[in-house]
Amino acid sequence: MSAARIDWRIVAAGCLAVLAAIALGGRGGAPLVTEMLLMALFASSLNLLMSYGGMVSFGHAAFFGLGAYGLALAVSRFGLPVAAGLACGPLLAGLLALVFGTLCVRLSHIYFAMLTLACGQITFTVLFQWYDFTGGDTGITGFMAPAFGLDERWFAVVVLGVVVACLLALWRVVNAPLGITIRSVGEDPERVSASGLNPRRVQLTAFVIAGTLAGVAGSLFAALQGNAFPDYAGLGFTLDSLIMVVLGGLRSFGGGLYGAVIYVLLRNYVPLLVTEWELVIGVILLLVVLWSPEGFAGGLQRIGRRLRSEPRP
Amino acid sequence: MTATAGRPILEAEGVARQFGRFVALGGVDLALEAGEKRALIGPNGAGKSTFINVVGGQLAASAGTIRLDGRDVTGLQPHQLARSGLGRTFQISRTYRQMSVRENLVAAYLVARGHGYSLSRGRLRALAAEAEALLERVGIAGLAERPADDISHGDRKRLEFAMVLAGEPRLLLLDEPTAGMGLKERHELMDLVAEEASGRGLTLLFVEHDIDVVFRIADRITVMARGQVFAEGTADEIAADREVQRIYLGEGH
Ligand SMILES: Nc1ncnc2c1ncn2[C@@H]1O[C@H](COP(=O)(O)OP(=O)(O)OP(=O)(O)O)[C@@H](O)[C@H]1O
Ligand SMILES: [Mg+2]
């Protein structure tokens with residue numbers, strides 16, 4: 001978790017692989033890649049809290065949903081152009097992350113998690129019930145052409161650009177002084193406060209960054225679908241993000257990314273083979289937590305070490 | 001060595017702390033002159049750590065007043081106290097276990113210099129050099145790359161001491177800085193602590209069970225027992241105090 005330099009070769013190779021998948025993936029390829037990219041950003045934003053800040057949120061989808069609704073409401077209720085709406089989504093998510101975060105960081109551990117759960121459920125319920133404004137359970141549809149009316153492949157390329165930019169910004173944050181501070185609060189908030197910094201403010205900062213990035217993912221997800229539904233802020237998406245982080249790997253920057261790729265692939269292809277998708281993901285989760293608690297990234301590191309035959313740390 | 005006369009840097013007046021109905025501190029008065037080295041001794045459970053935790057802001061006082069440089073700081077949060085010049089270590093050392101020794105110290109420097117929220121990586125490089133020198137000073141430069149989880153108990157104590165020094169405190173509270181160390185290492189570390197305190201003009205309050213170390217380092221000694229200050233004086237005065245010998249020194253410490 002310490003190498004601070006960006007390896008541009010890896011970034012370039014990753015982008016090329018994604019572009020190849022978009023170009024060669026046939027009809028279903030581009031939407032699948034887009035979903036993967038957006039889930040990667042969503043999961044990576046949660047990963048900032050979990051792997052670096054030592055915070056487990058059970059309400060992270062609230063900010064994904066708020067990102068979606070920020071766009072949908074701005075366009076459908078306030079008549080803003082879609083481009084402006086795309087800025088409103090993350091803004092709304094970040095703003096409410098500030099409000100909810102201020103409440104949640106007052107407590108820690110399981111109490112923090114319960115507060116985030118409560119905030120997530122409140123958000124979901126408001127979106128679900130406030131028919132006049134949010135459209136309630138029927139959501140908001142028809143406010144824009146799905147994917148801006150772009151060819152799905154071009155939309156995937158746009159999403160790739162945005163997601164890569166966001167992940168680079170996140171990389172920048174975790175490797176800057178702020179990242180060290182967030183990690184130290186994750187490890188021992190009492191030591192941080194005894195050193196002279198209010199750990200709650202650091203946690204709040206991480207929470208707002210994570211919420212805003214989840215909002216970016218949510219906005220683009222709404223743009224992809226051309227709709228916004230309360231489910232985007234619901235427990236289902238929250239669980240998805242938690243599972244992706246754990247599958248991909250706690251304590252690793254790439255955790256959210258790997259997790260999203262694995263999870264979206266599984267979710268798309270496993271149901272074609274067996275009907276019990278939940279059972280399969282449950283068993284996989286069990287195996288990962290038991291045998292490679294640091295997920296796919298941890299497994300990769302272990303294999304790498306073995307290849308270089310270094311002793312275990 | 002007697003400190004320059006003037007206002008004490010730390011004044012605790014009638015500081016009390018209860019846990020439920022149990023009185024861990026029953027009204028402690030203690031004043032530290034700027035620049036003095038004070039040992040806080042007493043049998044297990046005397047309330048030494050509780051007192052340090054109350055002064056450091058980790059625990060709220062049930063009653064009493066604490067003044068730092070004459071300013072009432074009772075009830076302030078630990079980070080506010082740290083910014084007022086108070087640095088402390090914990091009886092069970094607190095470090096960032098999954099981070100490397102160097103990162104631990106860099107993290108302390110970032111906070112101390114007010115760059116905790118900075119996004120500039122240039123700052124990290126600049127501080128890494130400073131951290132190297134301080135690690136050298138406390139004798140763990142060779143461990144810079146190791147996770148703090150991975151080093152010995154004693155080395156972690158040194159690391160935590162370095163982290164506190166990085167904060168450039170004026171008042172240093174060390175709760176058993178040598179707990180779990182061997183005799184030689186213990187004397188070495190406390191010599192280093194004394195040197196740093198004198199060199200930087202710090203005021204030092206330290207809890208220590210090794211009475212030889214106490215007599216060698218401390219200008220004055222405060223003896224606590226059952227939540228009270230039992231005796232206070234110079235090393236000679238304390239050594240000569242029959243009551244202190246009976247309740248503390250005689251008990252095999
Ligand atoms: N959080 C707490 N809850 C309840 N009782 C506590 C708590 N912290 C300390 N105590 C009690 O207060 C008394 C004083 O504890 P303290 O840790 O201050 O002693 P000490 O002088 O530091 O002892 P030692 O030399 O063993 O470190 C002890 O009897 C301890 O059991
Ligand atoms: Mg103690």
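Chain letters run A, B, ... following the sequence lines, proteins first and then strands; every chain starts at 1. Since this is a predicted model, take the numbers as computed values, not measurements.
Annotation: B:I92, atom CD1; neighbour count of heavy atoms from other residues, nucleotides and ligands within 6.0 Å does not exceed 12. B:F19 CZ: more than 12 foreign heavy atoms inside a 6.0 Å radius. Shown here is B:R97, whose CZ atom has more than 12 heavy atoms of other residues, nucleotides or ligands within 6.0 Å.
A:R183 has its side chain out of reach of B:Q98: every pair of non-hydrogen atoms, C-beta onward, lies at least 4.5 Å apart. Contact annotation: the side chain of B:L124 approaches that of A:P177 to within less than 4.5 Å [non-hydrogen atoms, C-beta and beyond].
Of all residues spanning residues 190-215 of chain A, those with a heavy atom less than 4.5 Å away from chain B's heavy atoms are A:E190, A:R191, A:V192, A:S193, A:A194, A:S195, A:G196, A:L197, A:N198, A:R201, A:V202, A:T205, arranged by number.
Of the atoms belonging to B:L119, heavy atoms from both backbone and side chain fall under 4.5 Å from chain A. With a 4.5 Å cut-off on non-hydrogen atoms, B:S84 does not touch chain A at all.
The most heavy-atom pairs under 4.5 Å with chain A, out of B:S118, B:P78, B:A166, come from B:S118. Considering only heavy-atom pairs separated by less than 4.5 Å from chain A, the leading option among B:R146, B:R83, B:Q77, B:M163 is B:R83.
The heavy-atom pair separating B:M99 from A:I180 by the smallest distance is CE-CG2, 3.8 Å.
Residue A:D188 holds its CG atom at 10.0 Å from OG of B:S93, rounded to the nearest 0.5 Å.
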